[in-house]
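The structure under discussion appears below in the form of structure tokens.
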Amino acid sequence: MFEQKTAKVSNWKYLMGCVRGLRKRIVLSSMKKRLLLSFLCVLPLCLFNGWPRRFQALKAANLITFDDGNSGRNVTILLWYWPFRKAYSLRGDVCWDLYRIPRCRLVDQRSLFPSADVVVFHNVELAMRQQKLPLNLSRPQGQRWAWMSLEAPVHNGNLLQYANIFNMTITYRRDADIPIPYGELLPKEAEGHLVEEVPLNKSFLVCWVVSNFRSHHRRSKVYKELKATVPVTVYGRWTKRALRSNALLPTISRCYFYLAMENTATKDYVTEKLWRNAFQGGAVPVVLGPPLDDYKAVAPPNSFIHVDEFASVKDLGKYLQELAEDKKRYDEYFTWKHQWNVKLYTDWRQRLCKICTQYNSLPQEKVYSNLEAWVNANNS
Ligand SMILES: *[C@@H]1O[C@H](CO)[C@@H](O)[C@H](O)[C@H]1NC(C)=O
Ligand SMILES: *[C@@H]1O[C@H](CO)[C@@H](O)[C@H](O)[C@H]1NC(C)=O
Ligand SMILES: *[C@@H]1O[C@H](CO)[C@@H](O)[C@H](O)[C@H]1NC(C)=O
Ligand SMILES: *[C@@H]1O[C@H](CO)[C@@H](O)[C@H](O)[C@H]1NC(C)=O
């Protein structure tokens, strides 16, 4: 109920945003363009009736450029150092050139600190003590410091020292100030797209790619129990059957099911194991990680199978076997492809440019008084 309501409110806001955009921002001369834009504004509302939460994704994808109320002002995002020391080019107007995000100045020169609206710190380097926060610099009025991480909480190190420092969070969690998921589904823009055939050349029932096998992981127990019921084909460093990156998806496409099991079970932690390996590989994902509801929020019904939907792993095995033998029911696990495209996110520039699309909706004043507690909230 509650969700329905919030979805309606945000739909409404969205529509208003569109209308404002039509009125103010876009220089339009012809009626035709106007009609097209109105159509583009309304279309997603219809599409989203059945699955309102996906609305957020559309907004995030910036399919439609909002009037952000900046009236010509650039928002300056300063990346204090590059994640994993791998720098990307920031030449030109990157956010516009690559992602069609306007008025977003993405820089990495520390000398620009005084003019930065947001300064971003990637946690890995802080945790490894390769980088330090510039606590000796005085922050200009209104400047926000952002904590950015794609790691699960256990890998973030001790965050107690970062109380009362950061104003915003950038992470895969849906409730982050700037959510940066590993991937998401975006609505197909037009009807009548050719839907990829369900890959039919299947030789294996269940496949798993694992490099980091730890017997205490819950996924390892699930694997062992499942293997006792149905055949499971395992690739990856653990079994010395590592796959080259160009062999990964073709290999997975030969499997009916793919074990998209995360190494950590924590809120919203859904990685490329789902988005790339299973969805792009063309195998039905059997997921384990965050609770069922977290998956339901980001993937449509009948697109995945959660281990927790079964009373036992043995039951799960039986279900998979039956499904593989029933072509019609199996194919239903691919009907989502009529409406959705898989989008993977791998470029830090895209994540950083996204800050600008949400900059004006950030709370005026916000401080994470206990970042450690926020990061570890709702851990299962
Ligand atoms: C905004 O930033 C872009 C990219 O750095 C730059 O090309 C443009 O001239 C800037 N515009 C203003 C109004 O400062
Ligand atoms: C702040 O500290 C850094 C070293 O952590 C130093 O390089 C920099 O010059 C200092 N800046 C000021 C204004 O004190
Ligand atoms: C099915 O896969 C096998 C093994 O990769 C390959 O040799 C065969 O040509 C494929 N068949 C079709 C119809 O694609
Ligand atoms: C950012 O956090 C600092 C606390 O370190 C606070 O003084 C400042 O007002 C906050 N700024 C915003 C825009 O929330």
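Order of listing sets the numbers, starting from 1, for every ligand and every atom in it.
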Output a table of donor-acceptor pairs, distance under 3.5 Å, between side-chain atoms of residues 216-226 and any protein atom two or more places apart or on a different chain; print 'none' if there are none.
| from | atom 1 | to | atom 2 | distance (Å) |
| --- | --- | --- | --- | --- |
| Arg218 | NH1 | Asp308 | OD1 | 3.4 |
| Arg218 | NH2 | Asp308 | OD1 | 2.9 |
| Arg219 | NH1 | Met261 | O | 3.1 |
| Arg219 | NH2 | Asn212 | O | 2.9 |
| Ser220 | OG | Arg214 | O | 2.6 |

Shortest protein contact, atom 14 (O) of ligand 4 (heavy atom only): Lys366 N, 2.9 Å

Thinking salt bridges, do Lys366 and Asp177 make one under a 4.0 Å N-O criterion? yes

Atom indices of ligand 4, in the order listed, that fall short of 4.0 Å to a heavy atom of Asn164: 4 (C), 5 (O)

Ligand 4 contact on Glu365 by region, counting heavy-atom pairs under 4.0 Å: both

Looking at Cys356 and Cys104, is the distance between their SG atoms under 2.5 Å? yes

Do Arg174 and Asp268 meet the salt-bridge criterion of a basic N to acidic O distance under 4.0 Å? yes

Classify the angle between the aromatic ring planes of Trp145 and Phe121 as parallel (below 30°), tilted (30 to 60°) or perpendicular (above 60°). tilted

Considering only protein heavy atoms, which is closest to atom 13 (C) of ligand 4, and at what distance to one decimal place? Gln364 O, 3.4 Å

With atoms numbered from 1 as shown, which atoms in ligand 4 lie under 4.0 angstrom from a non-hydrogen atom of Ile165? 5 (O)

Distance to 0.1 Å, residue and atom name: give those for the protein heavy atom nearest to atom 6 (C) of ligand 4. Val367 CG2, 3.9 Å

In ligand 4, which numbered atoms sit nearer than 4.0 Å to a non-hydrogen atom of Asn167? 1 (C), 2 (O), 3 (C), 8 (C), 10 (C), 11 (N), 12 (C), 14 (O)

Do NZ/NE/NH1/NH2 and the carboxylate oxygens of Lys327 and Asp331 come within less than 4.0 Å? yes

Any protein heavy atom nearer than 4.0 Å to atom 9 (O) of ligand 4: yes

Ignoring hydrogens and angles, write down the donor-acceptor pairs under 3.5 Å from the side chains of residues 234-243, residues two or more places apart or on other chains.
| from | atom 1 | to | atom 2 | distance (Å) |
| --- | --- | --- | --- | --- |
| Thr239 | OG1 | Gly236 | O | 3.3 |
| Arg241 | NH1 | Val234 | O | 3.1 |

Report, in ascending order of atom number, the atoms of ligand 4 lying under 4.0 Å from any heavy atom of Arg139. 1 (C), 2 (O), 3 (C), 5 (O)

Within a distance under 4.0 Å of any heavy atom of Arg144, pick out the atoms of ligand 4 and give their elements. 13 (C)

